[in-house]
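The structure appears below as structure tokens.
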Amino acid sequence: MQRILSVASYDIADHRRLRAALWLARRHATGGQKSVHECWMSEPERGQLLATYDQLVDTRCDRVLLARMDPRRPPMFRGMGRAPAAAGLLQVR
């Protein structure tokens, strides 16, 4: 199963939904800051995460972004950034 690096970000108004959004993102996250998480996901996992967020968010006041990163581009770092760590997460078969 091929996993692709994505960035999950959200702005949730309600504290209960915010905690739920954080828990969902951290299930896939290998790094990130506050409400922005670096996630290695397969297409089925990505679809499931989007479907779950769709049920969770209130579209009148919440926002969610799940963006695929282009694997052909080298990472760019600013400040104290580190490369996303996938060691132990991905299994090669």
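Please read these numbers as outputs of a predicted model, since none were measured by experiment. Any value given below was found using the heavy atoms of this structure, including those in side chains, with hydrogens, waters and symmetry copies removed.
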Between Tyr53 and Ala21, the two heavy atoms sitting closest are OH-O, 2.9 Å

Check which hydrophobic residues are tied to Ile4 through side-chain heavy-atom contacts below 4.5 Å, counting indirect links as well, and list them. none

Cluster overlap Met69 with Val36, hydrophobic side-chain contacts below 4.5 Å: yes

Can you see which heavy atom on Ala20 is nearest to which on Leu56, and at what distance? CB-CD1, 3.7 Å

Are the side chains of Leu22 and His37 in contact, using a 4.5 Å heavy-atom criterion? yes

Note: Ala25 and Cys39 closest approach over all heavy atoms is O-SG, 3.9 Å

Would you tabulate the side-chain donor-acceptor contacts of residues 41-50 under 3.5 Å, counting partners in other chains and residues two or more places apart, or write 'none'?
| from | atom 1 | to | atom 2 | distance (Å) |
| --- | --- | --- | --- | --- |
| Ser42 | OG | Glu45 | N | 3.3 |
| Ser42 | OG | Glu45 | OE1 | 3.2 |
| Glu43 | OE1 | Arg68 | NH2 | 3.3 |
| Glu43 | OE2 | Arg68 | NE | 3.0 |
| Glu43 | OE2 | Arg68 | NH2 | 3.4 |
| Glu45 | OE1 | Arg3 | NH1 | 2.4 |
| Glu45 | OE1 | Ser42 | N | 2.8 |
| Glu45 | OE2 | Arg3 | NH1 | 2.8 |
| Arg46 | NH2 | Leu66 | O | 2.9 |

Among the clusters formed by ILVMFWY side chains lying less than 4.5 Å apart, do Leu18 and Val64 turn up in the same one? yes

Heavy-atom side-chain proximity of Val57 to Arg17 below 4.5 angstrom: no

Salt-bridged, Arg16 to Asp14, with N to O below 4.0 Å? no

Considering non-hydrogen atoms only, spot the tightest contact between Arg63 and Ile12 and give its length. O-CD1, 4.2 Å

